[in-house]
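One structure below.
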Amino acid sequence: MTNRTALVTGANGQDAHYLASQLSASGWHVVGTSHGSPGIRRPAHFATIEPLDLTDHAQVLALVRRLRPACIFNVAARSSGAGMFDDPHATGLVNGHAVVSLLEAMRLASPTTRLFQASSSEMFGRARESPQSESTPFSPRSPYGAAKLYAHTMVRLYRERHGLWACSGILFNHESPRRGESFVSRKVCRGAAMIRLGLAERLELGNLEARRDWSHAADIVRAMRAMLEADGPRDYVIGSGRTRSVAEMCDVAFSSVGLDWRQHVRSGEPDYRPSEPIQLVADPSRIGEDLGWHAEIGFEAMVREMTLAELRRAEPENPT
Ligand code: NDP
């Protein structure tokens, strides 16, 4: 590709950070969009930040027409734990309808642009089979999952009907020190660090036996890039293919700061959903076969990295 401009939506998010870091290191001119107020601090690795209301079709069209980027990574979303159910109208607009604005903008003003859409394993909802692959039926159980499924479907329709290079990655959970604070991985790692530093006594969690397919965000973002560099647009399930429990996460986090989690963690606060009747876990064989992608950063290394980052954050001289 001679055009080396990449547009990444939701510049302040976790995946946007890793995308900008990897793309800029490979010589890309990375432009971010942000729904926050203009004048916000420019996140690292972005050349510029464009204020953008993704729900405003005219704004999206004007930006795509002006930049004509080689690729767009749509990783903006209302995606916190609470955002699964709160304000379903806003979730529908941002997580669902905004993608149609991007696709329309590509069709009208920049038809050679390639689009990556961040779909979600939440689209499987009450899954009918395990593990989940690209052919597993969808059955979302939240406005978040339903909006993601609408976006996912529209990406396929624009690919088939208008011949656009548009594809979706069905992403399973992925974490890093940049993960949002409402997610259980951040709570576990932050809890271990705070207790290590004597700033908290114990950590209250929900269902310790809940299992998830957790990967590192840096690995997931590598898959997004590989999808846009492939010979053609195709949707893929992206995950590690292995589940770990919240208790296992506690074990790694607390032992990486020299503590025994059993002495500090209580299961009670209902902040984590009960175990799924059918396990949500990725079958990433198609992306492995087609693009040679597989997760490289292990669960233990990821949880240790997150816990040590929390330790640094919690030290009084490093407030963030
Ligand atoms: P984050 O929540 O870290 O980042 C999402 C970003 O979207 C925010 O930082 C914000 O950036 C932007 N955003 C938030 N609310 C709005 C809004 N109302 N209107 C417009 N933009 C908004 O998400 P991740 O990086 O973890 O995830 C990236 C994508 O992958 C998301 O689409 C998510 O749904 C999807 N996904 C993530 C999974 C995970 O485990 N992390 C699993 C499955 C799917 P800014 O303030 O700069 O606008």
Side-chain angles (χ1 to χ4, degrees), residues 7-21 30-46 48-56 59-60 72-84 86-99 101-102 115-125 132 140 142-152 155 168-186 212-221 223-224 227 236-240 280-282 295 302 306:
L7 185 64
V8 178
T9 63
N12 287 289
Q14 168 185 259
D15 292 6
H17 167 83
Y18 286 96
L19 274 169
S21 159
V30 190
V31 178
T33 75
S34 181
H35 79 305
S37 359
I40 51 165
R41 195 165 51 93
R42 178 165 56 87
H45 310 297
F46 283 94
T48 51
I49 297 295
E50 300 276 349
L52 178 71
D53 177 357
L54 270 168
T55 67
D56 182 333
Q59 275 190 38
V60 173
I72 299 174
F73 294 89
N74 184 38
V75 287
R78 298 187 80 247
S79 70
S80 68
M84 296 278 181
D86 78 329
D87 204 341
H89 182 247
T91 299
L93 289 175
V94 176
N95 295 10
H97 205 67
V99 182
S101 292
L102 287 167
L115 172 77
F116 173 86
Q117 162 63 14
S119 289
S120 166
S121 58
E122 290 291 325
M123 299 188 311
F124 294 121
Q132 293 81 41
S142 65
Y144 171 91
K148 285 282 184 186
L149 180 53
Y150 172 66
H152 184 81
V155 166
S168 303
I170 304 171
L171 312 178
F172 281 68
N173 293 62
H174 48 284
E175 322 295 311
S176 77
R178 302 214 165 231
R179 184 64 148 145
E181 286 178 6
S182 63
F183 291 91
V184 72
S185 59
R186 273 294 295 276
R212 288 290 178 271
D213 181 334
W214 276 299
S215 302
H216 196 294
D219 271 340
I220 298 291
V221 157
M224 297 179 191
M227 283 174 63
Y236 291 104
V237 159
I238 309 174
S240 74
L280 276 181
V281 56
M302 177 184 80
M306 290 177 69

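In what follows, every heavy atom counts, from backbone to side chain, and hydrogens, waters and symmetry copies are set aside. Just so you know, ligand 1 is whichever comes first in the structure, and atom 1 is the first atom listed for that ligand.
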*For Tyr144, atoms of ligand 1 separated by under 4.0 Å from a heavy atom*: 33 (C), 34 (O), 35 (C), 36 (N), 44 (C)

*Taking non-hydrogen atoms only, is Ala76 closer than 4.0 angstrom to ligand 1 via side chain, backbone, both or neither?*
both

_Proximity to ligand 1 by part of Lys148, non-hydrogen separation under 4.0 Å_ = side chain

*Asn74 to ligand 1: N or O pair under 3.5 Å?*
no

*Are any non-hydrogen side-chain atoms of Thr33 and Leu7 less than 4.5 angstrom apart?*
yes

*Could you tell me whether Ser119 approaches ligand 1 through its side chain, its backbone, both or neither, with non-hydrogen atoms closer than 4.0 Å?*
backbone

*Polar-atom distance check: Asn12 versus ligand 1, any N or O pair below 3.5 Å?*
yes

*Distance-only side-chain donor-acceptor flag, His35 / Asn12, under 3.5 Å*: no

_Proximity flag Arg179 to ligand 1, non-hydrogen atoms under 4.0 Å_ = yes

_Polar contact flag for Gly13 and ligand 1 (N/O pairs, less than 3.5 Å)_ = yes

*Which residue from Ile49, Asp15, Asn173 reaches closest to atom 24 (P) of ligand 1 through any of its heavy atoms?*
Asp15

*Does the side chain of Gln117 reach to within under 4.5 Å of the side chain of Leu102, using non-hydrogen atoms?*
no

*asked:* So, 4.0 Å and heavy atoms of Ala11: is ligand 1 close enough to count as a contact?
replied: yes

*Which is closest to atom 1 (P) of ligand 1 by heavy-atom distance: Gly169, Ser79, Ser121, Ala98?*
Ser79

*Going by the side chain to side chain contact (heavy atoms under 4.5 Å, CB included) test, name the single residue among Arg212, Met306, His216 that passes it with Glu175.*
Met306

*side-chain contact (heavy atoms from CB on, under 4.5 Å) between Phe124 and Ile170: does it pass, once the steps are laid out?*
CA-CA 10 Å; Phe124 294 121; Ile170 304 171; 3.7 Å; yes

*Given side chains that start at C-beta, do those of Asp15 and His174 come closer than 4.5 Å, heavy atoms only?*
yes

*Interfacing atoms of ligand 1 (cut-off 4.0 Å, heavy-atom, Leu171)*: 30 (O), 42 (C), 43 (C), 44 (C)

_Side chains of Ser176 and Gln14: any donor to acceptor distance under 3.5 Å?_
yes

*Under 4.0 Å between a Lys/Arg side-chain N and an Asp/Glu carboxylate O for Arg78 and Asp86?*
yes

*asked:* Counting C-beta onward and ignoring hydrogens, is there a side-chain heavy-atom pair between Ser79 and Tyr144 closer than 4.5 Å?
replied: yes

_Against ligand 1, does Phe172 come closer than 4.0 Å with any heavy atom?_
yes

*Any side-chain heavy-atom pair from Trp214 and Met302 closer than 4.5 angstrom?*
yes

*asked:* Asn74 and side chain to side chain contact (heavy atoms under 4.5 Å, CB included): which single residue from Leu54, Val8, Val155 fits?
replied: Leu54

*Classify the contact between Glu122 and ligand 1 as side chain, backbone, both or neither, using a heavy-atom distance cut-off of under 4.0 Å.*
neither

*For ligand 1, which atoms have a heavy atom of Ala118 less than 4.0 angstrom away?*
29 (C), 30 (O), 32 (O), 35 (C)

*Minimum non-hydrogen distance to atom 45 (P) of ligand 1, winning option of Ser34, Ser176, Ala16, Gly32*: Ser34

*Please indicate whether any nitrogen or oxygen in Ala77 is less than 3.5 Å from any nitrogen or oxygen in ligand 1.*
yes

*Heavy-atom contacts under 4.0 Å between Val94 and ligand 1: side chain, backbone, both, or neither?*
side chain

